[in-house]
Amino acid sequence: MAYVKSIILIIVLLFLITFGVKNSQPTLLNYYFNITTGTIPLYGIVYISTIIGIIIGMIVGISSRVALRRKERQVQRENRDLKEKIEKVEEVRKEEEEEAKAERED
């Protein structure tokens, strides 16, 4: 499995390197209010945009994980409470059965 991961990583890196070589033209970015950047290679813009997207995705993923962990704790608490209730009901049922058995023996 490690070989497959290594091969995939090498293929991705080769793709990124060749993409950078083929798209190294300098590009000027224009923002709102006539704000411009210096010249940046085109591949740099693509890489930076991809990294920003990955970071935003990770932030969204982390927030959903936190919500799921809260829900998990709540469900575990409810599960524990229900198990305790079941144990109490079983104890009461056993006591009633023992009392009924004792009455029959008398």
Side-chain angles (χ1 to χ4, degrees):
M1 190 66 173
Y3 293 116
V4 175
K5 287 182 182 179
S6 298
I7 291 171
I8 291 172
L9 180 64
I10 290 171
I11 290 171
V12 169
L13 288 175
L14 285 174
F15 174 76
L16 292 173
I17 290 169
T18 56
F19 180 82
V21 170
K22 291 194 169 278
N23 293 289
S24 60
Q25 305 89 320
T27 306
L28 182 66
L29 289 180
N30 295 312
Y31 294 104
Y32 297 107
F33 309 114
N34 293 329
I35 299 173
T36 59
T37 64
T39 57
I40 300 172
L42 182 60
Y43 69 87
I45 295 170
V46 172
Y47 291 167
I48 290 170
S49 300
T50 303
I51 290 170
I52 289 171
I54 290 170
I55 291 170
I56 291 170
M58 289 172 62
I59 290 170
V60 170
I62 288 171
S63 65
S64 65
R65 280 186 182 183
V66 168
L68 284 174
R69 284 190 181 152
R70 279 190 206 132
K71 183 70 175 173
E72 178 187 17
R73 281 191 224 114
Q74 177 186 358
V75 169
Q76 285 176 345
R77 243 182 280 127
E78 289 176 8
N79 189 17
R80 186 179 59 244
D81 292 343
L82 289 173
K83 283 181 180 179
E84 289 173 0
K85 286 181 182 179
I86 289 172
E87 289 174 2
K88 288 178 184 177
V89 168
E90 287 177 350
E91 288 175 9
V92 169
R93 187 181 53 84
K94 283 183 182 179
E95 289 174 1
E96 289 174 352
E97 286 178 357
E98 290 173 2
E99 288 175 6
K101 189 177 183 181
E103 287 178 6
R104 278 187 244 135
E105 290 177 358
D106 289 340

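Every side chain to side chain contact (heavy atoms under 4.5 Å, CB included) that Val66 has, sequence neighbours left out, goes to Ile62, Arg70. Partners of Thr27 under the side chain to side chain contact (heavy atoms under 4.5 Å, CB included) rule, at least two apart in sequence or in another chain, are Leu42, Ile45.
Nearest heavy-atom pair, Pro41 versus Ser24, reported as atom, atom and distance to 0.1 Å: CB-O, 4.2 Å. Across all their heavy atoms, Tyr47 and Ile17 have their closest contact at OH-N, 4.3 Å.
Taken to the nearest 0.5 Å, the CD1 atom of Ile48 stands 6.0 Å off from the CD1 atom of Ile40. Between the CZ atom of Arg69 and the OG atom of Ser64 there is a distance of 10.0 Å, given to the nearest 0.5 Å. A distance of 6.5 Å separates NZ in Lys94 from CD in Glu90, rounded to the nearest 0.5 Å. Of the inter-residue distances, the one linking Leu16 atom CG with Thr50 atom OG1 reads 8.5 Å to the nearest 0.5 angstrom.
Cluster membership check: Val21 does not share its hydrophobic cluster with Val12, using side-chain heavy-atom separations under 4.5 Å among Ile, Leu, Val, Met, Phe, Trp and Tyr.
The shortest side-chain heavy-atom distance between Ile54 and Met58 falls under the 4.5 Å cut-off.
Panel note: side chain Tyr43, backbone Gln25; no donor-acceptor pair is recorded below 3.5 Å. Judged by distance alone, with hydrogens and angles left aside, the side-chain atoms of Asn79 form no donor-acceptor pair with the main-chain N or O of Val75 at under 3.5 Å.
Under the 4.0 Å criterion applied to side-chain N and carboxylate O atoms, Arg93 and Glu97 are assigned as salt-bridge partners.
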